[in-house]
Amino acid sequence: MSQVDRWLAANGAYLNRELTLLRRRIGALAERADDLASLPPTTAVHPRAAGLRRWFHYGPSSSKAEPVAPPVDALAGPEATEDATEAIDSREPRYAPALTVLAQRLGLSEFERQLLLMCAAMEFDTGFGALCARAQPGSGNKGPTFELALAALDNPAWDVLSPERPLRYWRLIEIHQPAAQPLVSSALRADERIVNYIKGLNYLDDRLAPLVESIADDGDTALPPSQSAIADAITAHLADGIQPPLFQLLGDSAASKLAVARAVAAQAGTRLYRLRGDAAPTAQGESETFVRLWQREAALLPLALYIDAEDIEPAHAQAVERLLNRCGGLVFVASARAWRDVARPTTIFEVAKPLAAEQHQLWRDALGAEGDHQAALLAGQFNLDQAAIDTIVLGATAASEGDAATRDGMLWAAALAQTRPALDQLAQPIRPKAGWDDIELPMRERAQLAEIAAQVRNRTAVYDDWGFRARLSRGLGISVLFAGDSGTGKTMAAEVLARELDLLLYRIDLSGVVSKFIGETEKNLRKLFDAAEDGGAILFFDEADALFGKRSEVKDSHDRYANIEINYLLQRMEGYRGLAILTTNMKSALDQAFVRRLRFIVNFPFPGTAERAAIWDKVFPPAVDTRALDFGRLARLNLTGGSIHNIALNAAFAAVAAGSELTMPIVLEAARSEFLKLEKPINEADFRWLESLEGAA
């Protein structure tokens, strides 16, 4: 027989013994029921002054006698006898029956313990109700009442009727009190959850179960050292024997905060449940019920509460704050910023994703020795928590069927997918199509683009292997400015880098970022950078001078807040670990303090005749017949690459509409329309094509 079975049998034997004694008491009272009316009034006996509104601490000293499920073998200690029916000494914590454990943890007096058993006996003994009815004739009750308990049990105490005493405060009993009936003679019934607990069935109260979710203990996974140190510091607060404070876990990694809380709960021997902030009861009565039941459950299971309070609405914020102030025991709250108006003692911990070196080690451990190079690339580009790394490696390894090249490609794609969802709501994704052969730039500017790509790839080697990360508190990202006239290739260059690095490219919509309302621009920027911190995206701020212009002279409050937003932007740009590309048509309009913080400035000059000829030669797809075009003649037109692309597209549409091949007159007419659109001066001779004269020339 297992320890669980031995304890269950022994707990049943204890209940049978106690119920037998209780039946004798009630039976004796029933036999002299005629004398019940002549009993003197019951006065307050042994009043308890100690309040029940106290916090609970569940340290090692109180975990010796854990009730059943989970786990029942904590009650059935290794020294339990083989004879399951042998009487158990209820004073020995290892062998304490469930009712004794409940009485100890919820502060029940001996009289309250017997009264609770009397109420539960209605569910255990089918004849107990009739016996109670005989003991209180004329009352109409077929079950226990306070009146019956005061008459039948030892050491009766009137104060058990108080809402502040455990039976009612912890809602261990339910009172059926019709309108005019006295409380003392009203029918009592034990709470279903408590009845099952006394019998040996331990589970989370079904009134709480729909609101919370159990977080499984991932005992096989060790935390990275930086997070393990936080978990150890929190655990130290639980070992001093006093009420633990509220633990606030701050940071932008929800998975890392949950992992730390799960590790602490495992070390404390408690089961962790998560309550999402938007599921917190908002009505005060429902909130009070949740608090009472949760504190009761925390004493009986025991368990810990993890409140996920990320980005909740104000109505739910008030509900969460009420729970933070009222819920006792081991409670975590996870959010981006600290809760300042909590009356309960609180301790704050900043929980970040694993450090760069730790992420590198996690990738190496998951991929093995043969994946060391890929581990370095992944750790250098992406900022992921342990759970995400394990999930990515598991999926890619299973799908690649042992092929290393396929696995590496799937690892990169999965890491990109992991970082994508948060950004899609804040910026416009751009699918990179341009490559190095599609862009025409002077050699110096092309070399700068290649250097930018090399720095993105080699960040891990420089920052970690060479030790620069320890020297730099900020500026680990790469910020680049593309300066030049519209159409000179700035967007195409961003596509080239994204395609070269195999990263996502997001264009930042400034109309969605800049707000006329004070503080909103800063809030939008914070969301944007927080979402991009995982490193799988290139941020592309087009025409950034509209947002990153010179800080204005403070003349009113709006100027002051505008400067605050710019200062905040400068700080985030320095701390951003990814690649941020800013474009401007007016380099001189940028704040010099901002320019100094840029890693690269790439100037995109207006294309010369040779560059324009190369652009014309590449602008048409291979399927287009361009034998009738004179690219040398077209290169004389003073246009940027963007305008040339517009002309090529408009000419193709015109040719299809006319049902002809692509000819010089069609292209020149499209070029003439582009000049008119740009309000450039037009020399009609430049757009006249006389094929015979041109051929003679």
Side-chain angles (χ1 to χ4, degrees), residues 51-58 102 105-107 162-177 189-194 197 203-215 243-250 254 257-258 261 265 270-348:
L52 266 293
R53 299 183 184 276
R54 57 185 175 83
W55 300 110
F56 284 96
H57 172 67
Y58 312 109
L102 184 147
R105 294 188 171 182
L106 298 183
S162 169
E164 293 297 309
R165 290 299 297 163
L167 289 178
R168 296 186 63 189
Y169 184 83
W170 296 123
R171 307 190 181 187
L172 305 180
I173 60 174
E174 301 170 2
I175 304 174
H176 178 65
Q177 184 180 15
R189 180 175 180 269
D191 182 76
E192 179 184 358
R193 162 75 173 101
I194 300 303
Y197 181 91
Y203 56 88
L204 185 69
D205 194 298
D206 56 8
R207 287 163 288 187
L208 297 178
L211 302 177
V212 297
E213 55 184 302
S214 178
I215 303 299
Q243 156 60 25
L246 169 68
F247 296 109
Q248 296 199 42
L249 306 182
L250 310 184
K257 289 182 284 190
L258 183 59
T270 62
R271 177 179 293 182
L272 185 65
Y273 284 86
R274 173 166 57 186
L275 170 68
R276 300 189 182 276
D278 54 6
T282 54
Q284 190 164 353
E286 295 176 355
S287 178
E288 181 63 21
T289 297
F290 180 92
V291 169
R292 298 278 184 98
L293 294 180
W294 180 264
Q295 292 188 188
R296 192 180 79 178
E297 293 300 296
L300 300 181
L301 284 170
L303 44 79
L305 180 61
Y306 180 89
I307 302 178
D308 188 347
E310 308 280 359
D311 297 327
I312 56 177
E313 298 296 329
H316 292 292
Q318 294 179 4
V320 168
E321 184 175 324
R322 187 159 52 241
L323 294 183
L324 297 181
N325 283 318
R326 297 294 309 280
C327 281
L330 181 52
V331 180
F332 305 91
V333 58
S335 60
R337 290 169 296 281
W339 292 73
R340 299 297 183 185
D341 297 329
V342 178
R344 178 182 176 181
T346 182
T347 302
I348 297 176

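When side chains are defined from C-beta on, L275 counts as touching L323, because their heavy atoms get closer than 4.5 Å. For the pair R271/L301, no side-chain contact is recorded, criterion being any heavy-atom separation below 4.5 Å from C-beta on.
Among residues at least two apart or in separate chains, side-chain hydrogen bond (donor to acceptor under 3.5 Å, both in side chains) pairs with a member in residues 204-214 are D191-R207, D205-R207, D205-R296, E213-R274, E213-R276.
The side chain to side chain contact (heavy atoms under 4.5 Å, CB included) test applied to E286 returns P281, A283, not counting sequence neighbours. Residues satisfying the side chain to side chain donor-acceptor pair (under 3.5 Å) test with R189, not counting sequence neighbours, are E174. Not counting sequence neighbours, the partners of A334 by the side chain to side chain contact (heavy atoms under 4.5 Å, CB included) test are K257, Y306, E310. By the side chain to side chain donor-acceptor pair (under 3.5 Å) test, S162 is found to be paired with no residue, residues two or more places apart in sequence or in another chain being considered. Under the side chain to side chain contact (heavy atoms under 4.5 Å, CB included) criterion, T289 pairs with R171, L293, sequence neighbours left out. With sequence neighbours excluded, the residues that form a side chain to side chain contact (heavy atoms under 4.5 Å, CB included) with I312 are A309, H316, A317, V320, W339.
When atom types are taken as modelled, the side chain of Q295 and the backbone of G328 share a donor-acceptor pair closer than 3.5 angstrom. Side-chain atoms of T270 come within 3.5 Å of backbone atoms of A265 as a donor-acceptor pair (strictly under, hydrogens ignored). Looking at T346, its side chain does come within 3.5 Å of a backbone N or O of L246 through a donor-acceptor pair.
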